[in-house]
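So you know, we letter chains A, B, ... as the sequences are listed, proteins then strands, and number each from 1.
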Amino acid sequence: MSLRIYNRLSREKEEFTPLNPPFVGMYVCGPTVYGDSHLGHARSYITFDIVYRYLLNKGYKVRYVQNITDVGHLVGDRDSGDDKIEKQAKLEKMEPVEIAYKYEKSYFEDMDKLNILKPSISCRATGHIIEMIDLIKTLVDKGFAYVTDIGNVYFDVRSFKDYGKLSRRTLEEAKDGERIEAAKDKRYREDFALWKRADASHMMQWDSPWGSGYPGWHIECSAMSLKYIGDTLDIHGGGIENSFPHHECEIMQSESATGKPFVKYFIHHNMLTVNGTKMGKSLGNFIVLKDLFKKLDPMVLRFYILQSHYSSPLDFNEDALQSAANGFDRMKKSIFSLENFVKANNDGKENNAAYEDVDKLKNDFLEAMDDDFNTPIAISIIYEILKISNIELSNPKPNIDKLKYIKNIIDSFVSEILGFDMSDIKNDDCNINSLIEFLIDLRASYRKNKDFDMSDKIRDVLKDSGIILKDGVDGTSYIR
RNA sequence: GGCAACGUAGCCAAGUGGUAAGGCAGAGGUCUGCAAAAUCUCUAUGCAGCGGUUCAAAUCCGCUCGUUGCCUCCA
């Protein structure tokens with residue numbers, strides 16, 4: 001079995017062969033830290049978390065680099081306008097660096113809740129101004145960029161022969177869509193800023209050979225990926241909406257500077273919409289993760305997102321969310337039953353037996369993941385494996401070895417590869433779990449003695465306390 | 001306006017040439033002190049519509065309709 005990845009450069013599924021196996025260099029565009037993370041971030045970083053986890057699972061040594069954009073990303077994603085961080089800093093009456101740290105922290109908190117693994121390197125743009133200046137210098141020296149009278153540095157897109165190799169746009173098309181007046185000192189309207197001269201009012205600025213200023217948005221990704229991974233990345237990830245202009249610009253900068261291909265496999269995830277339309281601050285359907293998690297288990301969101309393929313558009317709506325929550329709940333219950341049974345009946349013996357029906361599903365799961373990370377199919381196979389487990393559990397004499405075998409596979413697939421945190425219900429402050437366990441045991445003994453008045457009473461009291469008791473196949477489970 | 005993607009059951013969603021996975025919701029059995037859980041069966045003769053290619057099409061080609069995205073906010 002070999003991994004196949006849909007490469008946006010070739011627009012085809014290709015077999016994945018890293019440049020220097022077993023090492024894999026993966027770069028993913030990180031957040032611009034000027035606000036709390038939203039649903040779109042969840043989809044993006046869950047997508048690449050799956051890629052990262054699966055590559056690790058296949059035995060690759062992955063260096064996963066993700067940037068933190070804390071300077072240079074201008075409102076409008078263009079070459080003029082306010083810096084997003086500075087704008088927010090003025091709004092909150094804080095230093096730009098305070099804003100950046102605040103929302104970087106917030107970002108990682110949310111990603112932790114979604115059980116997203118930390119990248120191997122998380123690097124801030126402001127920590128790499130020197131690298132960016134060096135890269136810009138190289139581009140100017142090689143004639144791919146030019147310095148204007150007022151001290152701006154632009155990339156000369158007409159010097160790059162493969163313009164549009166990723167987005168498949170031509171310079172002619174670009175002209176048609178132009179709605180914003182280009183800066184006056186550009187030689188050509190599609191040239192983009194590498195370095196901008198700053199006036200005194202600009203809060204963040206650095207010395208450079210072209211005067212005091214700040215970097216353009218695109219250059220940070222090139223500078224940091226070249227520094228930490230090398231001239232050619234095995235994988236570059238990001239959202240499809242950044243395909244143009246951001247990723248296109250990265251390619252032009254990097255390849256012009258190094259003379260080598262910048263990226264082997266470009267992976268783009270598709271958009272997330274809310275109730276059928278694009279999520280936007282101005283549209284009133286903007287969903288911030290911190291708000292959402294007040295009423296939604298982050299694992300349900302993870303499940304919801306992984307139930308559709310990363311390359312398909314995904315709509316977020318109440319009905320679909322509810323069905324995902326129900327489906328996830330059933331999966332979780334089946335896994336609890338399995339784990340509880342194995343825990344209670346573990347004889348500690350090594351188990352070398354193999355089971356054909358389980359092995360077939362095991363292969364199907366891995367085959368689905370190999371096929372461009374097809375998580376919807378992978379999840380459907382989890383249900384089929386759990387069905388075998390449930391049937392075995394309801395046997396009068398369950399096959400312990402088989403259940404142990406299944407448990408190991410489920411642990412690996414559900415927790416490690418799909419990244420679901422299956423740890424039990426979390427307590428807020430005081431630990432009342434043992435108390436609940438005691439009442440459950442007590443009720444079990446009443447039931448055994450057929451004292452159903454008492455057993456039902458315990459169930460009712462617990463229910464009034466918000467604890468729903470359900471008698472599972474192998475014993476009682478409870479839900480708060 | 002230019003470019004691109006998508007349209008599969010009540011809902012969500014796989015499937016890119018060989019006869020429609022899985023989840024949710026629904027119906028009916030089995031099991032059970034009751035309830036729940038689990039399990040079994042059923043639920044799209046059809047994949048937006050119309051043509052075409054083929055022994056064979058959800059899948060390839062053409063047209064039409066619809067939705068969404070990028071070129072503005074935004075991952």
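- If you check distances only, the side chain of A:R330 never reaches the base of B:rA37 with a donor-acceptor pair under 3.5 Å.
- Taking atom CZ of A:R8 as the reference point, atom C1' of B:rA5 lies 9 Å away to the nearest angstrom.
- With rounding to whole Å, A:E248 atom CD is found 14 Å from B:rA4 atom P.
- At the phosphate of B:rU39, OP1 or OP2 sits under 4.0 Å from a side-chain N or O atom of A:N390.
- Base-pair partner of B:rU19: not found among the strands shown (Watson-Crick or G-U wobble, both distances under 3.5 Å).
- Toward the 5' end of RNA chain B, the nearer of the two residues A:Y304 and A:C29, judged by each one's closest nucleotide, is A:Y304.
- Listed pair A:S337 / B:rA38 fails the phosphate criterion, with no side-chain N or O lying under 4.0 Å from OP1 or OP2.
- Across the protein-nucleic acid pair, A:K450 atom NZ and B:rU32 atom C1' stand 10 Å apart, rounded to whole Å.
- Within the structure, a side-chain polar atom (N or O) of A:K84 is placed less than 4.0 Å from OP1 or OP2 of B:rC74.
- At least one side-chain nitrogen or oxygen of A:N326 sits closer than 4.0 Å to the OP1 or OP2 atom of B:rA25.
- Residues A:N57 and A:F413 have side chains not in contact (no heavy-atom distance under 4.5 Å, counting atoms from C-beta outward).
- To the nearest angstrom, C1' of B:rG69 lies 20 Å from CZ of A:F316.
- Among pairs with a residue in residues 238-253 of chain A, none fulfils salt bridge (Lys or Arg N to Asp or Glu O under 4.0 Å), at least two apart in sequence or across chains.
- Between the side chain of A:R124 and the main chain of A:T69, no donor-acceptor pair closer than 3.5 Å is present.
- Relative to the six-membered ring of A:Y265, A:R8 misses at least one condition, a distance below 6.0 Å or an angle of at most 45° to the axis.
- The shortest distance between side-chain heavy atoms of A:H268 and A:H247 falls below 4.5 Å.
- Remark: A:Y34, A:H38, A:G40, A:H41 in residues 32-48 of chain A come within less than 4.0 Å of RNA chain B through at least one heavy atom.
- For the pair A:M454 CE and B:rG33 P, the interatomic distance rounds to 20 Å; values are reported in whole Å.
- Between the CG atom of A:L314 and the C1' atom of B:rU67 there is a distance of 15 Å, rounded to whole Å.
- A:D456 contributes a side-chain N or O that forms a donor-acceptor pair with the base of B:rG33 under 3.5 Å.
- Residues A:D319 and A:E241 each lie close to RNA chain B; by heavy-atom proximity, the contact nearer the 5' end of the strand is made by A:D319.
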Please determine whether ring pair (Phe, Tyr, Trp, His ring centres under 6.0 Å) holds for the pair A:Y107 and A:Y45, giving the CA-CA distance in whole Å, both sets of side-chain angles, and the decisive distance to 0.1 Å. CA-CA 11 Å; A:Y107 164 73; A:Y45 301 113; 5.4 Å; yes
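- No side-chain heavy atom of A:Q66 sits under 4.5 Å from any side-chain heavy atom of A:F48.
- Separating the CD1 atom of A:I240 from the C1' atom of B:rC6 is a distance of 11 Å, rounded to the nearest angstrom.
- Put simply, NE2 on A:H246 is 21 Å from P on B:rG69, counting in whole angstrom units.
- For the segment residues 377-384 of chain A, residues with any heavy atom less than 4.0 angstrom from an atom of RNA chain B are, sorted by number, A:I377, A:S380, A:Y383, A:E384.
- Ring centroids of A:F420 and A:F328 are separated by less than 6.0 Å, placing the two rings close together.
- The phosphate of B:rC40 (OP1 or OP2) has a side-chain N or O of A:K387 nearer than 4.0 angstrom.
- In this structure, A:N374 reaches the B:rG15 phosphate: one of its side-chain N or O atoms is under 4.0 Å from OP1 or OP2.
- For the pair A:A125 and A:V71, the tightest heavy-atom approach, listed with the atom from each and the gap, is CB-CG1, 4.0 Å.
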